[in-house]
2 protein chains.
Amino acid sequence: MSAERPAGPALNRDYIIRMALGLVDRVGIEGLSMRELGVELGVDPMAVYYHLPNKAALFDGIVEAVYAEVDVAPGASGDWRELVANFMRRLREVLRRHPRAVPILATRPSYTPKSLADQALGSLQAAGLPPRRSLDIVACLGAYTIGHVLAEVSPPAGGETATAEEAAEPMAPDTFPHLARAVAGGYRGDEQFEAGLRAMLAGFTSD
Amino acid sequence: MSAERPAGPALNRDYIIRMALGLVDRVGIEGLSMRELGVELGVDPMAVYYHLPNKAALFDGIVEAVYAEVDVAPGASGDWRELVANFMRRLREVLRRHPRAVPILATRPSYTPKSLADQALGSLQAAGLPPRRSLDIVACLGAYTIGHVLAEVSPPAGGETATAEEAAEPMAPDTFPHLARAVAGGYRGDEQFEAGLRAMLAGFTSD
DNA sequence: ACCTGAACACCGTTCAAGT
DNA sequence: ACCTGAACACCGTTCAAGT
C-alpha cells in the first residue's frame, strides 16, 4: 500500500501503478489522467509511457493491484462452505477499501481474478465437488459479491448534482412506497450481504 | 428502439437518447462522444446541449432507456418465487441486448431501477413477506443478476490486445488447472445463471 | 425556440531529442 | 536506459451569434 520511491531510476511499473491506484482512491477514475499522474509522480507525464504502453495497461495494473490484496488463507481447511463464504467476505472487504476503483474492476476483466477463482475452485474440487458444479458455485457467488459491492459503492441516485439534503433524506415515500417502507430501518449492508451469501450457499448445498 | 426523426424541431431529448444508445450498442462507450453523436444526428455537435445539460445527463438517459425495456408483466400473479425469478430473467435478457451499455448501468445509479425494485418489492409484500426481508431478496437477487451479466458481457481477459487465437483457445491448463477442467465442457451462461438464481431463491425460502 | 461555430481548457499518444 | 517536451488529433463545455 505504501508507495516508496524506488532507489535507482525514478520510476518503475509497480511504483507507477501503486501511485495511480492511490490517485483513483483519492479523486476517482475521472481524476486519473496520464498528465495528472505525471504531476503526482513528480515527473514529465510522458515518462510513464516508457514503463507502460498505454492507459489501458495502467487500468489493468490497478485491477491486478487490488485483487492482489485478496490473500486467501493458503492452507485454510474446514467445511468447503465456510471456505467459500470466507473467500467472498474477504473479497468484499478488499473491494470496499477501494470504492472508487470498483467500477474498473467490475468492468475490465483481468487474469488475476481468474487466478483467485482457480484457487477457490481447487478447494471445492478437493472437497469432492464435481468440476462443473464447483464452477457454478464460485462464479455465481463471485457475481453476487461483485454486484453487491457495486451497488454499495455507487453514488446515490440523482448524481453529484443532488443536494446534500436530498441525499440525507430517507426516501420519498410517495414515489417508491414499498422501497421507502423496506428501507425505513436504515441500510444494513453487512447483514444484507450475509443474508444473500448464506441463502445462495444453502441453496447450492441442498440440491 | 426505432428512432424516427421528430416532426417539428430536428431534435428532442428522447430522440437524442435513443440515438446515443444505438451508438453505444454499435461502437461501445468509448465511441460515444458528443461530437460523434452530433454527426450521427446530422446536426452541429453543440445542438445537443440545448436539450441535455451535459454528457452525464446523456448517460443517465441511456440507463433509463435500457431499464424502460424491462416491462415487468403488470398483473402477473402466482407464487412470489416465480414472480421474482421471472423478473430477474427478464432483467438479464434486456441487459444482454445491450452488452456494451451494461458497464454504464452497473456503474451509474439511476431512479429507474429503484422504480423497478419498488414494483418487485410490492409483489413480495403483497405475498405477505415482511418489508425488510423483501428488500434483502430483491436487492441480493438484483446484485447477483447484474454481477452475472457483467461477467458475461466483459471482453475476454487479455483485453483487445489478445490475439484471436488466444481468445479461441479453451484455457491454458497449466496456469489455471482447476478452472481449465471446470470450463472444459464449454461456457453455459443460461444454465449457470439459472442455477445461481434457483439456489439463492431456495436459500431465501427455506429459512 | 432552436441550432451554429468559434474558442478554451483539457485529454491520450507519438516521436524526436536530450542525458 | 530512462526521461523530456513539442506536436497532433482528439475531447467536453461555454458562449456569443445566427435564424
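This one's a predicted model, so the numbers in the text were calculated from it and none came from an experiment. To find a chain, count down the sequence lines: A is the first, B the second, and so on, and within it residues start at 1.
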Taking the side chain of A:D44 as heavy atoms from C-beta outward, which of D:dT4, C:dC2, C:dT13 is closest to it? D:dT4
What is the distance, to the nearest angstrom, from the CZ atom on B:R35 to the P atom on C:dA6? 12 Å
If you look at every strand shown and take non-hydrogen atoms under 4.0 Å, does B:M34 touch a base, only sugar-phosphate, or nothing? sugar-phosphate
Rounded to whole angstrom units, what separation is found between the CG atom of B:L23 and the P atom of D:dC11? 11 Å
Should D:dA1 form a Watson-Crick or G-U wobble pair with both distances under 3.5 Å, which nucleotide is its partner? C:dT19
Whole-Å distance between C:dC3 C1' and B:I16 CD1? 11 Å
Between C:dT13 (P) and A:E36 (CD): distance, integer Å: 16 Å
When you get a sec, tell me which of C:dC2, C:dT13, C:dC11 is the closest nucleotide to the side chain of A:M46? C:dT13
Qualifying residue, where the test is salt bridge (Lys or Arg N to Asp or Glu O under 4.0 Å) with B:E64 and the options are B:R13, B:R108, B:R18: B:R13
Interatomic distance where CG belongs to A:L32 and C1' belongs to C:dC10 [whole Å]: 15 Å
Closest to the side chain of B:S33, out of D:dC11, D:dT14, C:dT13, is D:dC11
If you count every heavy atom of other residues, nucleotides or ligands that lies below 6.0 Å from A:R132 atom CZ, does the total exceed 12? no
If I take atom CG in residue B:L52 and atom P in nucleotide D:dT13, what distance separates them, rounded to the nearest angstrom? 11 Å
Atom CG of A:N54 and atom C1' of C:dT14: how far apart are they, to the nearest Å? 12 Å
For B:Y50 and C:dC2, is the shortest distance between a side-chain N/O and OP1 or OP2 below 4.0 Å? yes
Atom pair distance, as rounded to whole Å: CD in A:E30 and C1' in D:dG12: 12 Å
Looking only at the side chain of A:A47 (C-beta and beyond, no hydrogens), which of the listed nucleotides D:dT14, C:dC11, D:dT4 gets closest? D:dT4
Out of D:dT4, D:dC2, D:dT13, whichever nucleotide has its closest atom nearest the side chain of A:V43: D:dT4
Under 4.0 Å from OP1 or OP2 of D:dC3: is there any side-chain N or O of A:H51 that close? yes
Please check this pair: side chain of A:R100 against backbone of A:R26, looking for a donor-acceptor N/O pair closer than 3.5 Å. yes
Minimum-distance pair of heavy atoms, taken over all atoms of A:Q192 and B:C140: O-SG, 3.4 Å
Does any nucleotide pair with C:dT14 by Watson-Crick or G-U wobble geometry, both distances under 3.5 Å, and what is it? D:dA6
Closest non-hydrogen atoms of B:I146 and B:A106, given as atom of the first, atom of the second and distance, are CG2-CB, 4.2 Å
Using heavy-atom distances to pick each residue's nearest nucleotide on DNA chain D, tell me which of B:K55 and A:P45 is more 5'. A:P45
